[in-house]
Protein chains: 2
Amino acid sequence: MSYLPDTFAALGNTTRFAIVERLLNEGELPAGEFLDIGDVSPPAISRHFKVLREAGIVVQRVDKQRRMYSVRPEVVRGINVWAMSYRQFWQGSLDRLALALEKERGKI
Amino acid sequence: MSYLPDTFAALGNTTRFAIVERLLNEGELPAGEFLDIGDVSPPAISRHFKVLREAGIVVQRVDKQRRMYSVRPEVVRGINVWAMSYRQFWQGSLDRLALALEKERGKI
DNA sequence: CTTATAATTCCTGTTTACGTTAATTAACAA
DNA sequence: TTGTTAATTAACGTAAACAGGAATTATAAG
């Protein structure tokens, strides 16, 4: 069985997706850094991190009173592996699109 | 704004994920072909396809009484583009893992 | 015209998701 | 000790997700 549906379910919430993107761009950050993300309360942030943790998307590191969060690289890589496994499918359509554009260009 | 959270939300259901994987592997199929996927009723299948359509993941083609469904290649490609945009992040961790394994091998 | 097939929509009930305020835990600082 | 900061858990309410059976629509076949 694949773990991907659980991963996607966790990323299928705009607040959590924004959290993950920010962690990906800025690296490890404490939970408190996300209070400005789309007006959510501290309890809401905390529960979103719990969902992300339980889906295996982030890991927590305790530093004094703060909980530092970071994204597990394998997760993003896993998504990439999945999408790449269907590369022939989507690459093919890209090639056909490029070909069609070439032909259009020829007509003009 | 990114459409990815909606895409992930739609794929974050095991039944819908199974539907999409099957369409990716076997190509265009009628809705009725999915009645064996984890004992779901025709209405349930129909509603899952509606979610997938509204998320832009699949397209419908009418053929007599049948509704033929197929995956939009741009969607899978879009997921790939997103994951690839963080390649440095997950590739880096892979390299460190490989290096660690090399060192371990050296010790043995 | 009548029946069968394919899929959907309607109606309804149950579960899950998500947010808020209040209370709690843990660490730090005066 | 007392107060402050960081984050979580508890309790509660509302909205959305999801499922099933019944009814509906559209096409095909006898």
Side-chain angles (χ1 to χ4, degrees), chain A residues 1-23 26-72, chain B residues 1-23 26-72:
Chain A
M1 268 295 122
S2 175
Y3 50 86
L4 270 174
D6 285 333
T7 302
F8 287 150
L11 294 175
N13 171 283
T14 50
T15 303
R16 283 193 295 269
F17 185 76
I19 288 174
V20 169
E21 286 237 290
R22 185 146 166 207
L23 288 175
E26 303 180 29
E28 192 185 48
L29 287 171
E33 276 293 304
F34 296 87
L35 286 167
D36 52 349
I37 268 186
D39 60 5
V40 266
S41 60
I45 294 286
S46 186
R47 272 192 304 274
H48 279 308
F49 272 115
K50 188 180 182 184
V51 172
L52 290 172
R53 256 186 285 122
E54 289 178 349
I57 294 175
V58 302
V59 284
Q60 187 193 63
R61 182 175 68 83
V62 177
D63 170 41
K64 311 294 167 87
Q65 314 105 302
R66 298 189 306 174
R67 307 298 141 89
M68 308 298 294
Y69 287 102
S70 54
V71 176
R72 293 181 54 215
Chain B
M1 265 298 120
S2 175
Y3 50 87
L4 270 174
D6 286 332
T7 301
F8 288 150
L11 293 175
N13 169 285
T14 50
T15 303
R16 283 194 294 270
F17 185 76
I19 287 174
V20 169
E21 286 237 289
R22 185 143 165 211
L23 287 175
E26 303 179 30
E28 193 187 47
L29 286 172
E33 276 293 304
F34 297 87
L35 285 167
D36 53 348
I37 268 184
D39 60 2
V40 266
S41 61
I45 295 286
S46 185
R47 276 191 303 271
H48 280 308
F49 272 114
K50 188 180 183 184
V51 173
L52 290 171
R53 256 186 286 124
E54 289 178 349
I57 294 176
V58 302
V59 285
Q60 189 193 62
R61 180 176 70 84
V62 177
D63 170 40
K64 312 293 169 90
Q65 315 103 302
R66 299 188 306 176
R67 308 297 142 89
M68 307 299 294
Y69 286 102
S70 55
V71 176
R72 292 182 55 216

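A, B, ... follow the sequence lines: proteins, then strands. Residue 1 opens every chain. Side chains are part of it too, since the values below use all heavy atoms of this structure and drop only hydrogens, waters and symmetry mates.
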| Rounded to whole angstrom units, what separation is found between the CD1 atom of B:Ile37 and the P atom of D:dA19? | 12 Å

| task | Could you tell me whether the side chain of A:Arg67 and the main chain of A:Ala31 form a donor-acceptor pair under 3.5 Å? | result | no

| remark: Interatomic distance, CD1@A:Ile57 vs CZ@A:Phe8, rounded to 0.5 Å, equals 9.5 Å

| In Å and rounded to the nearest 0.5 Å, what is the CG to CD1 distance from A:Asp36 to A:Ile45? | 8.0 Å

| task | For each nucleotide in nucleotides 9-18 of chain C, reading 5' to 3', give B when a protein heavy atom comes within less than 4.0 Å of its base, S when such contact involves only the sugar-phosphate, and - otherwise. | result | BB-------S

| field | Euclidean distance, atom CD of residue B:Gln60 to atom P of D:dA26 [Å, nearest integer] | value | 14 Å

| request: Could you check how far CZ of A:Arg61 sits from C1' of D:dA7, rounded to whole Å? | output: 16 Å

| message | For the CZ atom of A:Arg72 and the CZ atom of A:Arg53, what is their distance to the nearest 0.5 Å? | response | 13.0 Å

| task | Provide, to the nearest angstrom, the distance between the CZ atom belonging to B:Phe34 and the C1' atom belonging to C:dA6. | result | 14 Å

| query | Within the structure shown, what part of the strands sits under 4.0 Å from A:Glu33 by heavy-atom distance: base, sugar-phosphate, or nothing? | reply | nothing

| remark: Result for 5'-nearest mapping on DNA chain D, choosing between B:Val40 and A:Arg67, is A:Arg67

| message | Under 4.0 Å from OP1 or OP2 of C:dG19: is there any side-chain N or O of A:Ser41 that close? | response | no

| request: May I have the step-by-step check of ring pair (Phe, Tyr, Trp, His ring centres under 6.0 Å) for B:Phe34 and B:Tyr69, ending in yes or no? | output: CA-CA 11 Å; B:Phe34 297 87; B:Tyr69 286 102; 8.1 Å; no

| query | Does A:Leu52 offer a backbone N or O that forms a donor-acceptor pair with the side chain of A:Arg16 under 3.5 Å? | reply | no

| query | With side chains defined as the heavy atoms from C-beta onward, is the minimum distance between A:Glu26 and A:Glu33 less than 4.5 Å? | reply | no

| request: Give, for atom CD of A:Glu21 and atom OG1 of A:Thr14, the distance between the pair rounded to the nearest 0.5 Å. | output: 11.5 Å

| task | Take the protein atom CZ of B:Phe49 and the nucleotide atom C1' of D:dC18, then report the distance between them rounded to whole Å. | result | 16 Å

| query | To the nearest Å, how far apart are B:Met68 CE and C:dA7 C1'? | reply | 13 Å

Can you pull every protein N or O that's under 3.5 Å from an N or O on nucleotides 27-30 of chain D?
{"residue": "D:dA28", "atom": "O4'", "partner": "B:Gln65", "partner atom": "NE2", "Å": "3.3"}

| Do the side-chain N or O atoms of A:Tyr69 get closer than 4.0 angstrom to the phosphate oxygens (OP1, OP2) of D:dA6? | no

| field | Rounded distance (Å) that lies between atom C1' of D:dG20 and atom CG of B:Leu35 | value | 14 Å

| Where is the tightest heavy-atom contact between A:Val58 and A:Leu23, given as atom of each residue plus distance? | CG1-CD1, 4.0 Å

